[in-house]
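Please read these numbers as outputs of a predicted model, since none were measured by experiment.
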Amino acid sequence: MAPTKTKFRLKSFLFSPAFVALLFFIVNFATLSHYGVNWDEPYHFSRGQAYLHYFSTGNKDYSDLKPYTVEGNRAPAGLAPTPVDPSSTKLEYRRSIFQHDQITVTALLKEENGHPPLNDIFAAALNRIFYGWLGVMGDIESHHLFSLLAGALLVLVVGLFARSIAGTFAGFSASLAAGLFPLLVAESHFNVKDPPLAAFFALLLFGVWKALTTQKFRWWFVAAAGGALGLGTKFNILFTVPIVAIWLVITLLVTARQKKLRWNRPAVLHAGAGFLLVGAISLGVLYATWPFLWQDPIPNLLKIIGFYQEIGTTTMYQPAFLLEGGVNLYPLVFILITTPLAVIIMASIGAVSGWRLTKSVAFAPLALVLIWLFVTVARVMSPGSAIYGGVRQIAEFIPALAILAGIGIAAISEGVAARLAYIRKGAAFIVVALVFIPTLITLIRLHPNENVFFNSIVGGVNGARAQAIPSVGNTYGNAYYQGIAWLNQHAEQGARFGLANSTMASIPRIWIREDIQFANHYWSGPDMLAEYEIELNYDGLRSDQYSYQYLTTFLNPVWELEVDGVVLLRIWKNDREHARYPEAKMAKMKPVRATDVNGLIQYDLGREVQLARVDLTLDQRLCPKLESGFITTSRDGVIWERQSDNINDSQPAVPSRGKFEPGTYTHWIALTQARYIRTNLDQTKQCTPSDPTLTAWEWQER
């Protein structure tokens, strides 16, 4: 009997949410080094290190630490390097690149205005253990361990929730739906905020449901753990309040109508005490782990609330998706086209079929899951709300959708088994295979860019790009790592490179080969000094800036990262060998005088040309310094186009620009057809440049 018992237990484990969560962690842990960092992560990691150091030592800076070690510990890009101690070695001491002397608690207390830091502190703590003390993981990978653990927690909680509702197979299937969700797979590797928040969101709601249905008080501590971890990560966790409130009201109304409602004083006291516990622990952990709130608790908390109001309401990023009254369809559409189609179908079936499983339960869990999904999506669709960068900011919809999919898969399996007797025993495996194998194959093909996934409804990522869906191809910075890997392999010794648009913090310096020099000021533009330039390719990029337009207009890329026909990242080398017009040149035109047109200074070049550059020289006696200004161009004098960059030093400095005379402002243009030019100049400080001289340069192809 013993061998049989062991076999049965192993089989049960292999089809449990715990096994799926473990498998999710193992597979994704093995691929941690394949991914880059999210744009936001360098700051979050530095902040987490600063607070962790303060909590563990009491020091508000790193003056008590040794300088960076020689091996690999270079300063974060964009920050001044910390001096190196030649006597220290990798074996003696490991200091994270994110323990930087310019980002300390002293500095943070003056400038905090964002998300809470608890998730950052956890990431830093895992880095200190697995990189700093044990040395078994890399600096960046050990930070990412926190997000991956949170992703595995999400997979586990989703499975347990679905199993509690619809049985073992529903729980197993729900875990698979979450564990193979493209957005979660990718972002669990490099997003320190959104997957963790989604996991804590699910943990809180699961704990509340179990506490209310079992009347066991220990579940309130599970809910409190979710609430505390969630509130310490993002204030999005507060949307669990309306979810639970709506669910309770609906449940009470239904039970009252069915005349099943009974006043139960112990149950009411149990719920009241539980909710108070969750609120008290959550708020207590928030204040205990955020020194910024200690110095001025209420005003600083209100400041953070103001931050959330600003980022969540101030800008409408998808005007094409607005309906009458301001309802924004973008979040709903984006979820429908970035969720595997089989999961959408199964979730729809689960939403319908699940009622037969829960109709006799007073606190119907299916209602909770549906309200959870509705509130999460509806809050960013409501008039005046804002969301950008896809739907990663509301990743808490993933567990709700996965639970519904698990219930739907279980229902379909039961139906297939009941109608097709000859495959009754294998029905569940067949359904699971049909649902998840196509998604698994797609994830393998997209790896490590799973977060650019689009389903067949829109024709994949290529179809989404063709239909101009906002945020198509946006990897949120992950793709930079693949570009750096190419540079490390192919760039010549001592090569220089920079980013066309983004800040240097997007690329940790420890990725880069030792001899390669990295700085954005290496951009040389038309001087063509053979530097490499690297940049992502997506619709949210500031592609109208000359620094980027120059690359796409005048150079052929040396390498492109392409997924399903869509370019995610390009690398250029700014030299004649890779120039699109190697024989072309700029020709200086004769200076032209201005005419006054409705208070604006207008220039007529005499003929239409391919405009490449404009030099504007101001009389230094009349206008010592131009504060701001821009130019517009026109082919016919009727239709005018504003050039995106300001005319006063907003463009990257071309090295030869230093040769210009004082008072001369050079504005580079990426081959605009124009005959007329207007200047709109700042008139502050009693500066009236009444007679500026403009010199135009045209592009001539030999």
**Request:** Would you please test Phe453 and Asn455 for side chain to side chain contact (heavy atoms under 4.5 Å, CB included) and show each step?
**Result:** CA-CA 7 Å; Phe453 170 85; Asn455 63 31; 3.9 Å; yes
**Request:** State which residues pass side-chain contact (heavy atoms from CB on, under 4.5 Å) with Ala178; sequence neighbours excluded, sorted by chain then number.
**Result:**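 Only Leu154, Val155, Val158, Ala402 meet the side-chain contact (heavy atoms from CB on, under 4.5 Å) criterion with Ala178.
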**Request:** Begin with the C-alpha distance, continue with both residues' side-chain angles, and end with the deciding distance and a verdict on side chain to side chain contact (heavy atoms under 4.5 Å, CB included) for Phe235 and Leu286.
**Result:** CA-CA 10 Å; Phe235 278 17; Leu286 175 69; 4.1 Å; yes
Side chain proximity check, [X] to [Y], heavy atoms < 4.5 angstrom:
X: Ser147; Y: Val192; answer: yes
X: Asn236; Y: Glu396; answer: yes
X: Thr214; Y: Trp209; answer: no

Hey, what's the ring geometry for [X] with [Y], parallel, tilted or perpendicular (30° and 60° as the breaks)?
X: Phe146; Y: Phe122; answer: parallel
X: Phe454; Y: Phe334; answer: perpendicular
X: Trp220; Y: Phe217; answer: tilted

**Message:** To the closest 0.5 Å, what do you measure between CG (Leu322) and CE (Met381)?
**Reply:** 10.5 Å
**Request:** Starting at CG of Leu568, measure out to CG of Asn537 and round the result to the nearest 0.5 Å.
**Result:**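 CG of Asn537 is found 7.5 Å from CG of Leu568.
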**Asked** Judged by atom type as modelled, is there a donor-acceptor pair below 3.5 Å linking the side chain of His44 to the main-chain atoms of Asp120?
**Response** no
**Prompt:** Can you check whether Asn451's main-chain N or O pairs, donor with acceptor, with Tyr476's side chain at less than 3.5 Å?
**Reply:** no
**side chain to side chain donor-acceptor pair (under 3.5 Å) between Glu450 and Tyr35, intermediate numbers included** = CA-CA 10 Å; Glu450 296 91 348; Tyr35 295 81; 2.9 Å; yes
**Prompt:** Pick from Asn38, Asp40, Asn119, Thr233: which one makes a side chain to side chain donor-acceptor pair (under 3.5 Å) with Lys193?
**Reply:** Asp40
**Prompt:** In a check of side chain to side chain donor-acceptor pair (under 3.5 Å) between His34 and each of Gln482, His447, His189, which one passes?
**Reply:**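 Checked Gln482, His447, His189 against His34; only one passes side chain to side chain donor-acceptor pair (under 3.5 Å): His447.
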**Pair Asp539 + Arg465: basic N to acidic O under 4.0 Å** = no
All N/O donor-acceptor pairs, side-chain side in residues 197-204, below 3.5 Å, sequence neighbours left out:
none

**Prompt:** Above 12 or not: heavy atoms from other molecules or residues under 6.0 Å from CZ of Phe374?
**Reply:**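 Open: at most 12 neighbouring heavy atoms sit under 6.0 Å from CZ of Phe374.
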